[in-house]
Amino acid sequence: MIALAAPLLSSISGYWAGAFQDLSALPQLDVFDPASGALLATVPQMGALEARLAVESAAARLRSPPNLPERGRILSNIEAGLLAEQEQFAELITRENGKPLAEARAEVAYAAGFFRDARRHLDALQPKTLPTRPRGLTWRVHHRPAGVAALITPWNFPMGMLAKKLAGAIAGGCPSVVKPSEITPLSTIAWFAQLHALGLPPGLVNLVFGDAAAIGKVLCSHPAVRVLSFTGSTAVGALLSQQAAPHFKRLSLELGGNAPFLVFEDADLDTAVDALMANKFRNTGQTCVCANRVYVARAIAEPFVSAVAARVRALRAGPGMEAGVDIGPMIDARGYAKVHSHVQDALAMGATLVVGGSGDPAQRFFPPTLLTGITPTMACASEETFGPVIAISVFDDEDAMVQAADDTPYGLAAYVFTADRARADRVVAQLHFGHVAVNTGSGPTPEVPFGGFRCSGLGREGGAEGVMEYVELQTVPWGPAVG
Ligand code: NAP
């Protein structure tokens with residue numbers, strides 16, 4: 001087992017009723033370092049019973065949720081705690097997820113930003129009194145905590161994705177039950193040790209992980225859970241929607257993407273190439289917003305492809321803890337196999353391999369790859385590849401390019417590169433995606449709402465909108481004075 005330099009990981013267990021629980025009698029799950037396959041830790045495999053206990057702990061706290069000033073203090077303390085232990089959290093993320101340490105540090109800073117931003121929206125949650133008196137009555141609108149929030153997160157940004165949800169839930173006054181991926185539970189467990197040390201009110205945050213299906217069923221059906229916030233695959237999002245539907249939970253779903261990256265003939269090539277490299281290879285291409293389909297105007301296709309090829313050849317893959325590494329390993333054998341099959345499928349259907357290749361499925365590091373000649377029926381065009389593969393198609397005119405880019409059931413992120421402002425406005429308006437970046441490969445930031453159109457999800461995270469996901473509006477007309 002690798003020695004983890006993480007004092008916060010002294011208790012590796014589930015957390016509810018304000019304490020880490022003794023779950024040593026449960027079966028144990030192994031957590032591995034994806035870069036080496038070494039065992040990092042064993043964690044208890046929780047299930048339905050533990051999920052119910054965690055929900056009951058949260059439901060008890062709902063009877064006396066923190067008031068607005070208390071929420072402000074909690075949000076500030078969490079932000080400060082993340083920044084104070086940025087290095088320790090970053091190392092845990094890199095160990096369990098594999099991403100380069102610099103990216104893990106950026107993820108912790110990104111996570112802290114959600115707590116800073118959520119604090120700015122607390123004033124908007126004060127009760128509001130209508131300035132007029134329709135029907136001769138005084139009308140007040142309260143922003144009540146929506147109920148217990150179930151927060152289910154994926155392995156690709158174990159702290160960043162949780163921060164988006166937890167900051168909104170705390171700002172809204174909702175106690176939460178957190179369920180991280182069993183692949184990457186360690187950074188979340190360490191974060192809970194810090195939340196415990198911060199003296200959060202018992203029951204405000206609770207933690208379970210293990211048997212995802214059993215835990216998910218409890219979170220979808222328990223009457224105290226009123227908000228189900230999930231980030232992960234569209235398939236699991238659909239399953240959770242079905243399970244939650246009879247109970248009318250409020251759903252916030254951040255699901256898969258299939259991001260198009262459009263480069264028109266008037267684009268600044270260096271800007272577009274830099275943006276593509278940073279956007280595509282973050283987290284080894286295992287991000288929901290990374291460019292999956294690159295569409296390039298024929299007039300600039302040759303210089304664009306050769307500039308990208310030179311940059312892809314220069315990438316260095318290796319363990320995220322090593323200095324100078326650009327991309328880490330694939331998360332697991334299943335992730336590797338999917339990327340491998342997408343590359344094989346594209347080559348069998350006539351794509352050209354410019355750099356990289358299919359690699360060896362027994363390995364952990366997929367070679368950074370560049371393919372051209374991609375057609376819409378290839379798997380890498382119709383599905384998220386979720387790996388370090390750039391797949392390029394060449395187009396002759398704007399309409400055809402925009403139509404191809406928008407021809408997907410998904411709608412999370414898209415990128416447009418052009419020097420023509422009118423064209424940018426025109427193209428952005430035709431793309432049915434929740435996040436459309438112009439002349440930048442930037443993903444979201446905590447200060448703005450982020451979420452998907454179509455099969456990429458429901459609801460928004462970040463900004464004021466991310467807080468409102470956890471709030472119910474209660475309208476109170478007051479008749480003649482009482483008391
Ligand atoms: P996943 O398989 O859907 O897993 C996500 C989470 O759901 C994990 O905690 C997983 O637990 C849990 N889960 C799996 N089956 C479940 C069930 N039956 N009931 C309840 N929970 C269940 O997705 P992933 O492969 O980890 O993540 C990659 C996907 O997430 C990609 O499609 C990516 O695009 C998407 N994503 C979207 C966003 C966004 O903002 N829209 C951001 C990041 C990622 P276990 O891991 O323990 O099984």
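When a ligand or atom number is given, it counts from 1 through the structure's own listing order.
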* Go through the steps for Ser229 and Tyr470 under the test side-chain contact (heavy atoms from CB on, under 4.5 Å), then give the verdict. => CA-CA 10 Å; Ser229 178; Tyr470 297 90; 3.5 Å; yes
* What part of Leu219 sits under 4.0 Å from ligand 1 if we count only heavy atoms: the side chain, the backbone, both or neither? -> neither
* Under 3.5 Å: N/O of Gly232 near N/O of ligand 1 -> yes
* **Phe157 to ligand 1, any heavy atom closer than 4.0 Å** => no
* **Ligand-side contact atoms (ligand 1) for residue partner Thr231, heavy atom cut-off under 4.0 Å** => 5 (C), 36 (N), 37 (C), 38 (C), 39 (C), 42 (C), 43 (C), 44 (C)
* Asked: Between Phe209 and ligand 1, which residue portion shows a heavy-atom distance shorter than 4.0 Å: side chain, backbone, both, or neither?
  -> neither
* Structure fact -> Closest non-hydrogen contact found for Thr440 with Ala275 is C-CB, 4.2 Å
* Describe, in one word, how the ring planes of His432 and Phe453 are oriented to each other, choosing from parallel (under 30°), tilted (30 to 60°) and perpendicular (over 60°). => tilted
* Taking Ser187 for its side chain and Leu92 for its backbone only, find out whether a donor-acceptor pair lies under 3.5 Å. => no
* Can you tell which of Lys338, Glu383, Glu182, Glu384 gets a heavy atom nearest to atom 47 (O) of ligand 1? -> Glu182
* **Under 4.0 Å to a heavy atom of Leu239 - the qualifying atoms of ligand 1, by number** => 18 (N)
* For ligand 1, note which part of Thr234 has a heavy atom under 4.0 Å away: side chain, backbone, both or neither. => neither
* **For Ile152, atoms of ligand 1 separated by under 4.0 Å from a heavy atom** => 6 (C), 7 (O), 9 (O), 12 (C)
* Structure fact -> So for Leu240 against ligand 1, with non-hydrogen atoms under 4.0 Å, the contacting part is side chain
* Ala213 near ligand 1 by a heavy-atom separation under 4.0 Å -> yes
* To do: With heavy atoms of Met161 as the reference, note each atom of ligand 1 found under 4.0 Å away.
  => 42 (C), 43 (C)
* Asked: What do we get for Pro180 next to ligand 1 when only non-hydrogen atoms under 4.0 Å count, side chain, backbone, both or neither?
  -> backbone
* **Test item: Arg250 side-chain N/O and Val471 main-chain N/O as donor-acceptor pair under 3.5 Å** => yes
* Tell me: protein heavy atom nearest atom 25 (O) of ligand 1, and distance? -> Trp155 NE1, 3.3 Å
* What are the two closest heavy atoms between Lys249 and Cys220, and how far apart are they? -> CE-O, 3.0 Å
* **Intermediate values then yes/no, ring pair (Phe, Tyr, Trp, His ring centres under 6.0 Å), Phe261 and Phe417** => CA-CA 8 Å; Phe261 189 104; Phe417 289 79; 4.7 Å; yes
* At what distance is the nearest protein heavy atom to atom 11 (O) of ligand 1, and which residue and atom is it? -> Lys179 NZ, 3.0 Å
* **Ionic contact status for Arg316 with Glu322, cut-off 4.0 Å** => yes
* Residue and atom name of the nearest protein heavy atom (relative to atom 46 (O) of ligand 1), distance in Å to one decimal -> Ser181 OG, 2.7 Å
* Report the nearest protein non-hydrogen atom to atom 19 (N) of ligand 1: residue, atom name, distance rounded to 0.1 Å. => Ala212 O, 3.3 Å
* To do: Write out the residue and atom name of the closest protein heavy atom to atom 33 (C) of ligand 1, then the distance separating them to 0.1 Å.
  => Phe386 CZ, 3.4 Å
* Asked: What residue and atom, counting heavy atoms only, is the protein's closest point to atom 36 (N) of ligand 1, and at what distance?
  -> Cys288 CB, 3.6 Å
* Keeping the roles fixed (side chain from Glu103, backbone from Asn283), state whether a donor-acceptor pair exists under 3.5 Å. => yes
* Does Thr385 use its side chain to pair, donor to acceptor, with the backbone of Gly387 at less than 3.5 Å? -> no
* Considering non-hydrogen atoms only, spot the tightest contact between Gln286 and Ile331 and give its length. => OE1-N, 3.0 Å
* To do: May I ask you to list the atoms of ligand 1 that are less than 4.0 angstrom from any heavy atom of Pro154?
  => 26 (O), 27 (O)
* Is it true that the NZ or CZ of Arg454 lies under 6.0 Å from the centre of Phe433's six-membered ring and within 45 degrees of the ring axis? -> yes
* Does Tyr110 have Lys164 sitting over its ring (NZ/CZ under 6.0 Å from centre, angle to axis within 45°)? -> no
* Can you pull out the closest protein heavy atom to atom 3 (O) of ligand 1? Residue, atom name and distance to 0.1 Å, please. => Ser233 OG, 2.6 Å
* **Those atoms of ligand 1 less than 4.0 Å from some heavy atom in Thr153** => 6 (C), 8 (C), 9 (O)
* To do: Can you pull out the closest protein heavy atom to atom 16 (C) of ligand 1? Residue, atom name and distance to 0.1 Å, please.
  => Val236 CG1, 3.6 Å
* Structure fact -> Within 4.0 Å of some non-hydrogen atom of Phe450, the atoms of ligand 1 are 40 (O)
* To do: State, to 0.1 Å, how close Asp33 and Leu40 come at their nearest heavy-atom pair, and which atoms those are.
  => N-CG, 3.6 Å
* **Distance filter under 4.0 Å to Asn156 heavy atoms, resulting ligand 1 atoms** => 43 (C), 44 (C)
